[in-house]
Amino acid sequence: MTNTIKTPAYVTDEKILDRDLGALRKIADEAACKLLYSPKACALSPVLEKVAGRVDGFSCSSLFELRLIDRVCGGETPLHLVSPLLKEETLGEIGGRLDYLTFNSLTQWELFGDKVPAATRAGIRINPQLSFIRDPRYDPCRRNSKLGVPISKLAEAVEAEPARLRGISGLHFHNNCDATDFASLLATARHIQDVIPNLLESLDWINMGGGYLFNLAEDTSDFFHAVEVFRDTFGLDVFIEPGAALARRAGSIVATVHDLFESDGIQVAVLDTTVNHMAEVFEFQFEPDVLGHVDGGAHPYVLAGCTCRAGDVFGEYAFDAPLAVGSRITFPNMGAYTMSNAHRFNGVGLPTIYTRRADGGLEMIREDTFDDFARTAGVAGNAVA
Ligand SMILES: Cc1ncc(COP(=O)(O)O)c(C=O)c1O
């Protein structure tokens, strides 16, 4: 079936999405917590349309994401906004549609608190000051963090002036990435309970963020204990807002080999995709999974992207059968942070987007064109004959 695909392609598999969404729904229901989806992981229509109606809302990061979700869901789904940037015009344009608005800082709360619509629940993002991520580029609790009010500062502020948080009904935290067990979540919940118990008593809700790969966790008991800390001890509504856990396994990139040649003793296969399309591969310098790769396979290759960047390379892979010009290469588990980070460096178009329906049928959703490239370059007009 992959041969009918125009490459480079990004394919959403509805069956996998259904499976992973169902598993997340089940665990959220068992824990009696509310499940939001973070569209920053993947905001493509096949994903949003499937997710809509099966989650308790969307946790957005920007005005565009909010408007996109409203367009897909017809204005029917609960919307949350959490972002370090809040512009007055965003509040003016969509504030009335926000069910939950989380302020990133006390200064933003002081600036905009009186503009929060009456029906919108306001919260504060806290920095729990517990780091679990080694790479500071992705650690919300890094030194000099811009993400949330440090919990010790919040405790001091509330003690010095309890009225400062009047109007705030909830808290938000997010301090992990791709975790497959929940020990750090439970440690964070207990830490928050220890530092600001009185504040928790006065609130209605807490959002525990994303950062956990629920479907890969062998033991979820710490997740349930973390929810219990807030729900049972303080009577809070508890939210989670995963992105990758829902979207990652449902998406793949499919590419075609366009050239093969020897370089320093190994065959290089040049593909029609690039790290432009899988930006995290370049950012984290990891070798993505490739279907058909066999450790020690008889036919080794360097799989390379098609741009002029020397490091536009996926890594060394080996196959049982040799590749040829025209061979297809599939990168699975590319559903999260792939298309939302993809760009057109070198003028290479974005992957064509497909969805594989549950009955196996393949539908093209969008093809990137020269006109799209020209429009983003600010170049108007018709193609030159
Ligand atoms: C505030 C917030 N919530 C949720 C998420 C989603 O995280 P993940 O995709 O790791 O589940 C992120 C990711 O960066 C985030 O910053």
Side-chain angles (χ1 to χ4, degrees), residues 17 20-21 23-25 27-28 33-44 47-48 51 55-62 65-66 69 78-86 98-105 108 123-128 130-142 145-151 170-182 184-185 188 192 205-217 220 223 226 238-251 278-280 283-284 286 333-341:
L17 190 59
D20 286 351
L21 180 55
L24 269 169
R25 187 68 265 177
I27 197 169
C33 82
K34 299 206 159 113
L35 173 64
L36 310 175
Y37 172 57
S38 290
K40 59 173 72 92
C42 181
L44 299 180
V47 172
L48 299 180
V51 168
V55 291
D56 303 301
F58 289 80
S59 179
C60 297
S61 314
S62 63
E65 278 189 0
L66 290 164
I69 299 303
L79 292 180
H80 296 231
L81 175 63
V82 53
S83 169
L85 176 67
L86 180 63
L98 287 178
D99 296 272
Y100 290 80
L101 169 58
T102 294
F103 289 90
N104 186 57
S105 66
Q108 288 264 289
I124 292 276
R125 177 169 180 168
I126 54 170
N127 166 358
L130 287 183
S131 283
F132 301 109
I133 302 169
R134 282 216 199 100
D135 184 340
R137 291 176 304 165
Y138 300 94
D139 180 8
C141 304
R142 61 187 270 165
S145 172
K146 64 174 186 190
L147 296 168
V149 183
I151 191 166
L171 296 179
H172 177 290
F173 67 91
H174 167 86
N175 64 338
N176 221 331
C177 180
D178 283 358
T180 52
D181 74 66
F182 296 95
S184 38
L185 181 64
T188 305
I192 294 171
W205 58 273
I206 190 156
N207 185 329
M208 306 198 299
Y212 292 85
L213 298 176
F214 287 78
N215 305 338
L216 298 183
T220 53
F223 170 70
V238 181
F239 293 88
I240 50 172
E241 48 178 28
L246 204 149
R248 179 168 293 146
R249 295 194 295 184
M278 291 172 258
E280 288 196 325
E283 228 173 303
F284 293 105
F286 74 93
N333 304 318
M334 278 293 155
Y337 303 103
T338 297
M339 292 307 290
S340 45
N341 279 313

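Computed from a prediction, not measured in an experiment: that's the story for all the values here. Start at 1 and go down the list; that is how both ligands and their atoms are numbered. Note: hydrogens, waters and symmetry copies are ignored here, and every other heavy atom, side chains too, is used.
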Would a distance-only check, ignoring hydrogens and angles, find a side-chain to backbone donor-acceptor pair under 3.5 Å from [X] to [Y]?
X    : Y    : result
Y212 : I240 : no
S83  : L85  : yes
T220 : F223 : no
N215 : A245 : yes

So is [X] polar-close to ligand 1, meaning N/O to N/O under 3.5 Å?
X    : answer
Y212 : no
P242 : no
G211 : yes
H172 : no

Which atoms of ligand 1 have any heavy atom of A244 under 4.0 Å away? 8 (P), 9 (O), 11 (O)

Which of the listed options, G243, S38, C42, A336, holds the heavy atom that is closest to atom 4 (C) of ligand 1?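 Checking each option, the heavy atom nearest atom 4 (C) of ligand 1 is found in S38.
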
Which bit of R125 gets closer than 4.0 Å to ligand 1, counting heavy atoms only: side chain, backbone, both or neither? side chain

Mode of H174 contact toward ligand 1 - side chain, backbone, both, neither (heavy atoms, under 4.0 Å): side chain

Can you tell which of L81, D99, I69 makes a side chain to side chain contact (heavy atoms under 4.5 Å, CB included) with F58?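 For F58, the side chain to side chain contact (heavy atoms under 4.5 Å, CB included) check succeeds only for I69.
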
In terms of residue, atom name and distance, what is the protein heavy atom nearest to [atom]?
atom                    : value
atom 15 (C) of ligand 1 : K40 NZ, 3.2 Å
atom 6 (C) of ligand 1  : Y337 OH, 3.5 Å
atom 3 (N) of ligand 1  : E241 OE2, 2.6 Å

Report yes or no: do E241 and H174 form a side-chain donor-acceptor pair below 3.5 Å?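 There is no such pair (donor and acceptor under 3.5 Å, judged by atom type) between the side chains of E241 and H174.
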
T188-N175 side chain donor-acceptor pair, cut-off 3.5 Å: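 Result is yes, a qualifying pair exists.
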
Any chance you could measure L35, atom CG, to R25, atom CZ, to the nearest 0.5 Å? 5.0 Å

